[in-house]
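Structure record follows, encoded as structure tokens.
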Amino acid sequence: MRIATWNVNSLKARLPKVEEWLSYAAPDVLCMQETKLADAAFPAMAFNALGYEVAFHGNGRWNGVAIASRVGLEQARPGFAGEELSEIEECRFLTALCGGVRVGSVYVPNGRAVGSEHYEAKLAWLERLRDDLAEQCSPDQPIAICGDYNIAPADADVFDPKAFAGATHVTPAERAAFSGFIEWGLFDAFRLVYPATDRLYTWWDYRAGDFHKHRGMRIDHLLVSRPIAERVSYALVDREARKGMGGERPPSDHAPVFVDFDWPAAR
DNA sequence: ATGGTAGCGCTGCTA
């Protein structure tokens with residue numbers, strides 16, 4: 001089974017790229033973030049035509065998450081458990097059962113500046129996510145919570161730790177929140193395959209030519225529970241999908257990441 | 001080098 005995650009930075013702008021990627025990477029499940037689409041505008045038929053069912057949760061302009069699956073998609077739930085749709089201002093979390101795996105697509109708030117109200121809201125949101133998992137799931141079940149965590153878990157996950165001194169994504173509090181998921185029973189699937197390889201990034205700033213200088217961060221993660229972790233065989237950041245092609249509009253500032261594991265529902 | 005680019009949508013915010 002191949003589960004992927006990709007912050008597409010507008011599914012409207014990126015749909016041809018996503019369709020192309022689905023056709024050659026052929027994930028069984030793709031979690032998307034920053035679709036920037038209201039539910040009424042979600043291009044479900046484009047996914048259906050490629051053999052994927054979709055669940056989506058967005059209100060336009062900003063944020064927005066989705067899950068595409070070709071191994072079944074049931075029990076789709078937007079937001080946290082018990083959260084009323086009408087009270088959700090920012091669409092950042094969506095879960096569904098795909099091929100026997102509880103899949104979550106997450107878009108963690110950016111945080112903007114350390115100490116700002118947005119930073120505090122990011123930490124609070126991460127705590128709420130952890131509470132939701134603890135209430136709704138058990139780590140002995142197959143779980144994959146995938147998405148843009150906006151956290152680089154270790155210094156090896158940023159191109160230059162000194163350049164991020166005092167910045168978000170690398171603070172002890174954010175890293176502690178990330179560790180909280182690990183302590184609860186999830187594994188950083190990418191690190192199971194590449195335990196100590198640095199310079200494996202998933203995001204590069206559009207500005208200053210950072211992608212071409214490979215000045216990036218690893219902030220998109222697939223966190224999986226033990227039943228999946230012990231079956232992981234392969235993982236990859238598809239850096240090719242972050243490259244623009246001549247004459248086309250720019251790619252997303254994130255690359256897709258996927259993990260493969262032996263699973264009966266896989267196609 | 002305290003900049004730079006992209007998306008949305010039409011002004012400036014978010015990243």
Side-chain angles (χ1 to χ4, degrees), chain A residues 5-21 31-43 46 56-66 88-93 105-126 129 146-153 157-171 173-174 177-178 201-221 237-257:
Chain A
T5 185
W6 195 2
N7 179 323
V8 297
N9 187 16
S10 171
L11 185 56
K12 183 179 178 183
R14 225 66 69 194
L15 183 60
K17 196 84 178 169
V18 171
E19 291 174 307
E20 176 192 52
W21 193 78
C31 297
M32 288 166 276
Q33 301 84 37
E34 282 206 85
T35 58
K36 298 186 178 180
L37 284 176
D39 288 345
F42 195 91
F56 38 88
H57 175 44
N59 54 13
R61 190 152 194 195
W62 290 308
N63 312 308
V65 287
I88 298 178
E89 292 180 14
E90 300 185 347
C91 302
R92 297 181 176 276
F93 188 46
S105 182
V106 302
Y107 178 44
V108 175
N110 175 283
R112 303 190 198 180
V114 176
S116 69
E117 61 180 304
H118 301 283
Y119 175 79
E120 298 302 328
K122 176 182 192 175
L123 295 177
W125 195 92
L126 286 160
L129 173 58
C146 312
D148 179 356
Y149 281 76
N150 272 317
I151 299 171
D157 298 313
V158 300
F159 73 88
D160 179 5
K162 292 190 293 296
F164 291 91
T168 58
H169 297 56
V170 300
T171 64
E174 290 164 285
F178 187 84
Y201 310 133
T202 65
W203 173 86
W204 301 260
D205 200 310
Y206 278 124
R207 298 167 290 187
D210 276 4
F211 177 72
H212 300 285
K213 297 173 189 167
H214 200 46
R215 295 159 56 96
M217 309 178 81
R218 193 178 72 93
I219 58 175
D220 298 88
H221 307 292
V237 178
D238 185 4
R239 215 164 157 276
E240 293 299 313
R242 174 62 175 75
K243 292 180 180 171
M245 298 203 228
E248 292 183 1
R249 66 190 306 163
S252 170
D253 45 352
H254 296 250
V257 194

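On a predicted model such as this, the values are computed, not experimentally measured, just so you know. Chain letters run A, B, ... following the sequence lines, proteins first, then strands; residues in each count from 1.
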Can you name the closest pair of heavy atoms from A:Arg14 and A:Asn9 and give their distance?
NH2-O, 2.7 Å
Within this structure, what is the NZ-to-C1' distance between A:Lys17 and B:dG7, rounded to whole angstrom?
17 Å
Which nucleotide sits closest to the side chain of A:Lys12: B:dA6, B:dA15, B:dC8?
B:dC8
To the side chain of A:Ser10, which of B:dA15, B:dC8, B:dT14 is closest?
B:dC8
For the side chain of A:Trp62, counting heavy atoms from C-beta on, which of B:dG7, B:dG4, B:dA15 is nearest?
B:dG7
To the nearest angstrom, the NZ-P distance between A:Lys243 and B:dT5 comes to 21 Å
Assign A:Arg14 to base, sugar-phosphate, or nothing according to its heavy-atom contacts below 4.0 angstrom with the strands shown.
sugar-phosphate
Interatomic distance, A:Trp203 CH2 vs B:dA15 P [rounded to whole Å]
12 Å
Counting N and O atoms only, with roles assigned by atom type, does the side chain of A:Ser105 sit under 3.5 Å from a partner on the main chain of A:Met32, one being a donor and the other an acceptor?
yes
When the P atoms of B:dA15 and B:dT2 are considered, how many whole Å apart are they?
24 Å
Let me know the distance between CZ of A:Arg207 and P of B:dG7, rounded to the nearest Å.
14 Å
Any chance you could measure A:Glu34, atom CD, to A:Asn63, atom CG, to the nearest 0.5 Å?
7.0 Å
Let me spell it out: for each of A:Ala208 and A:Lys213, pick the nucleotide of DNA chain B with the closest heavy atom. Which residue's pick is nearer the 5' end?
A:Lys213
Whole-angstrom distance between B:dC10 and B:dT14, as gauged at atom P
16 Å
Look at A:Arg61 and B:dT14 and indicate whether a side-chain polar atom (N or O) is within less than 4.0 Å of OP1 or OP2.
no
Between NE2 of A:His254 and P of B:dA15 the distance, given in whole Å, is 11 Å
Round to a whole Å and report the spacing from OH of A:Tyr206 to P of B:dT5.
13 Å
Geometric cation-pi criterion, A:Arg239 with A:Phe211: 6.0 Å, 45°
yes
Categorize A:Phe211 for me: base, sugar-phosphate, or nothing, with a 4.0 angstrom heavy-atom threshold over every strand shown.
nothing
In this structure, how many angstroms lie between the P atom of B:dT2 and the CG atom of A:Asp205, rounded?
16 Å
Using the closest heavy atom to pick a nucleotide of DNA chain B for each, name whichever of A:Tyr107 or A:Gly209 lands nearer the 5' end.
A:Gly209
Compare the minimum distances between each of B:dA6, B:dG4, B:dC8 and the side chain of A:Ala13, then state the nucleotide with the smallest one.
B:dC8
Given B:dC8, B:dA15, B:dA6, identify the nucleotide with an atom nearest to the side chain of A:Pro250.
B:dA6
Protein-nucleotide distance (A:Arg249, atom CZ; B:dC8, atom P), rounded to Å:
6 Å
Less than 4.5 Å apart, any side-chain heavy atom of A:Lys122 and any of A:Val108?
yes
B:dA1 to B:dC13 separation - P atoms, rounded to the nearest Å
29 Å
